[in-house]
Amino acid sequence: MLNIMSKKIVFHGYTYIGNNVWENNSTLPFGYTYLNGISRETYDSLSSLEKQEALLQGCVIADNDNVIDLTFENKIIDYDITCDESISIEDSVIKVTKENASITLSFNGLEECETYLSINGLNYNGTKEQLKISMSATNSNDKTVHKTLKYFTPYYQWYSNRDSFMIHFGYDDHAKISITITFDTVGEYTYDSLEIQCLPMVNYENEVSLLKEDVLENVDFHENDIYATDKITGNISLDESKYLLLTIPYSDGWSAYVDGEKQELLQANTMYMALYLEEGEHEIVLIYQTPGLRYGAIISAISIICVVYIFFEMKKV
């Protein structure tokens, strides 16, 4: 899989702007497996980065009773704040008296990790509809990554009541050492929390490899069969019982058959589907039928019959 990203990077004072193509060597296939399950209640209680880590350790199932010991590597990093002369901060209130004034968070980040800035409960005390908050993170090798946050106030026509954000500054072999936040609008900004979080990626490839140990093979989407375009087949061999996660959005229209027997499809990882399979070799068949299609066809047929009947009855008059 290729990820195409447009970004601006500043390195030793030079600015590079353009599209970059990155090959992802840790992609997961259409159907991969989990040894363990995680209850939806447990998953919902986690922070954003904890959820990201949990999805590499267990399959999230609504009614799952399994209890596994989740491990988390993400770290909250302490920082110091320095402000421009046009900004003051007191009791989680940022007062900006000049456009494009900045604050800088200085910290000692971690190497070989992803770096995030978490802003919760952000609120702007003013009548402007939308604001632009520019951010830049610099690492120990003087490389800077830029991000922009568009913040919409209650005066905006399509205001969505969103006040919490997680800004991702990407993976870096070198540690990030500072994040500068620039406010384009004068006014008073309040927030509940402002955190820098680092997520080490040392174990990422190994965790993905474990999920790919047993996968759905010989997957056929029946693309050339006009009578079975809503059918998917494949087979899998397991040495122990596992959850087979299928990267299809969960829908009531799907039915699953394991070795010819219909089996319940589980809603997994909040949006996908999964099957719980015992050890052994299995043939999997997935069939989709639009919910209500059969009843709709019956109602339409009855309606047509009624119209035809009324038409001929009226001709007799």
Side-chain angles (χ1 to χ4, degrees), residues 3-11 15-20 22 47-52 74-107 109-110 113-139 143-172 175-199:
N3 294 327
I4 301 176
M5 302 174 62
S6 179
K7 64 194 298 186
K8 179 171 74 172
I9 298 176
V10 179
F11 187 66
T15 301
Y16 302 88
I17 302 176
N19 293 320
N20 298 277
W22 306 86
S47 68
S48 297
L49 290 190
E50 286 174 341
K51 288 178 179 178
Q52 182 172 315
N74 70 87
K75 308 291 183 184
I76 297 177
I77 308 297
D78 293 332
Y79 59 84
D80 296 319
I81 298 182
T82 55
C83 304
D84 287 354
E85 295 179 355
S86 304
I87 290 184
S88 63
I89 301 178
E90 185 176 354
D91 296 329
S92 299
V93 178
I94 303 173
K95 295 181 180 179
V96 180
T97 60
K98 184 180 179 181
E99 292 182 357
N100 297 318
S102 303
I103 64 173
T104 297
L105 314 181
S106 301
F107 57 96
L110 304 179
C113 80
E114 295 181 338
T115 302
Y116 297 81
L117 176 65
S118 173
I119 306 174
N120 295 308
L122 180 63
N123 181 63
Y124 172 72
N125 185 16
T127 59
K128 194 169 182 179
E129 292 186 355
Q130 55 181 303
L131 316 172
K132 184 177 76 172
I133 303 175
S134 302
M135 305 179 188
S136 58
T138 303
N139 69 8
K143 177 181 175 182
T144 303
V145 176
H146 297 268
K147 293 294 178 81
T148 299
L149 170 64
K150 288 187 177 181
Y151 175 77
F152 300 106
T153 75
Y155 296 95
Y156 186 61
Q157 184 176 2
W158 293 287
Y159 175 64
S160 61
N161 201 33
R162 184 182 179 188
D163 62 0
S164 296
F165 307 89
M166 181 76 79
I167 296 88
H168 182 206
F169 289 100
Y171 171 84
D172 202 328
K176 295 284 195 298
I177 58 173
S178 70
I179 294 176
T180 299
I181 305 173
T182 303
F183 302 88
D184 76 333
T185 304
V186 172
E188 189 172 281
Y189 301 76
T190 62
Y191 60 92
D192 294 333
S193 66
L194 185 65
E195 295 180 340
I196 295 173
Q197 300 184 40
C198 288
L199 177 58

Trainee: Could you tell me whether the side chain of E114 reaches within less than 4.5 Å of the side chain of Q52, counting heavy atoms only?
Mentor: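 Q52 reaches E114 side chain to side chain.
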Trainee: Distance from Q130 atom CD to Y159 atom OH, nearest 0.5 Å?
Mentor: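 OH of Y159 is found 13.5 Å from CD of Q130.
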Trainee: Might you point out which heavy atoms bring C198 and G109 nearest each other, and give the distance in Å?
Mentor: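 Minimum heavy-atom contact is SG-CA, 4.2 Å.
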Trainee: Kindly compute the distance separating CE (M135) from OG (S102), expressed to the nearest 0.5 Å.
Mentor: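 The OG atom of S102 is 11.0 Å from CE of M135, to the nearest 0.5 Å.
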Trainee: Roughly how far, to the nearest 0.5 Å, is CD1 of I196 from CD1 of I77?
Mentor: 8.0 Å
Trainee: Other residues, nucleotides and ligands only: do more than 12 of their heavy atoms fall within 6.0 Å of NZ on K75?
Mentor: no
Trainee: Would you find a donor on one side and an acceptor on the other, under 3.5 Å apart, between the side chain of Y124 and the backbone of Y151?
Mentor: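 Judged by distance alone, no pair lies under 3.5 Å.
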Trainee: Compare every heavy atom of L149 with every heavy atom of L122, then report the nearest pair and how far apart it is.
Mentor: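 What the structure gives for the nearest pair is CD2-CD2, 4.5 Å.
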Trainee: Can a donor-acceptor pair be found, under 3.5 Å and without considering hydrogens, that links the side chain of S136 to the backbone of V145?
Mentor: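 Side chain of S136 to backbone of V145, a donor-acceptor pair under 3.5 Å: no, none is there.
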Trainee: Any non-hydrogen side-chain atom of F169 less than 4.5 Å from a side-chain atom of K147?
Mentor: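 SC-SC contact between F169 and K147 confirmed.
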Trainee: Between S106 and S178, is any side-chain donor less than 3.5 angstrom from a side-chain acceptor?
Mentor: no
Trainee: Per the side-chain contact (heavy atoms from CB on, under 4.5 Å) rule, which among T104, I94, I81, L117 passes with I181?
Mentor: L117
Trainee: If I compare all heavy atoms of I89 with all of C83, which pair ends up nearest, and what's the gap?
Mentor: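 Shortest heavy-atom contact: CD1-SG, 3.7 Å.
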Trainee: Does any part of the side chain of L105, heavy atoms only, come nearer than 4.5 Å to the side chain of L194, both counted from C-beta?
Mentor: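 Yes. Closest side-chain heavy atoms under 4.5 Å.
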Trainee: So how far is it from K150 NZ to S134 OG, rounded to the nearest 0.5 Å?
Mentor: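 One finds 11.0 Å between NZ of K150 and OG of S134.
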Trainee: Just jot down the side-chain hydrogen bond (donor to acceptor under 3.5 Å, both in side chains) partners of Q197, sequence neighbours excluded, or say none.
Mentor: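 Expected list: E195.
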Trainee: Please report the closest heavy-atom contact between S164 and G121, naming both atoms and the distance.
Mentor: OG-N, 3.3 Å
Trainee: What heavy-atom pair brings K128 and T153 nearest, and what distance separates the two atoms?
Mentor: O-OG1, 2.5 Å
Trainee: Do L199 and C113 have side-chain heavy atoms sitting under 4.5 Å apart?
Mentor: no
Trainee: Are F183 and Y189 an aromatic pair by the rule of ring centers under 6.0 Å?
Mentor: yes
Trainee: May I ask you to decide if S193's main-chain N or O and N120's side chain share a donor-acceptor pair within less than 3.5 Å?
Mentor: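 Here the side-chain-to-backbone pair does not exist.
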Trainee: Checking N123 side chain against T190 main chain: does a donor-acceptor pair fall under 3.5 Å?
Mentor: no
Trainee: Which class fits the ring pair W158 and Y156: parallel under 30°, tilted 30 to 60°, perpendicular over 60°?
Mentor: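 Ring orientation of W158 relative to Y156: perpendicular.
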Trainee: Would you say that more than 12 heavy atoms from the other residues, nucleotides or ligands in this model lie under 6.0 Å from the NZ of K95, or not?
Mentor: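 Counting other residues, nucleotides and ligands, NZ of K95 stays at 12 neighbours or fewer.
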Trainee: Between CD1 of I179 and OG1 of T144, what distance do you get to the nearest 0.5 Å?
Mentor: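 Separation between the atoms: 11.0 Å.
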Trainee: Shortest non-hydrogen contact from V93 to Y191?
Mentor: N-CE2, 4.5 Å
Trainee: Just jot down the salt bridge (charged side-chain N to carboxylate O under 4.0 Å, His left out) partners of D172, sequence neighbours excluded, or say none.
Mentor: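 Scan of D172 (salt bridge (charged side-chain N to carboxylate O under 4.0 Å, His left out), adjacent residues dropped) gives K176.
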Trainee: Quick check for you: to the nearest 0.5 Å, what is the distance between E50 atom CD and N74 atom CG?
Mentor: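 Going from CD on E50 over to CG on N74, the span is 5.5 Å.
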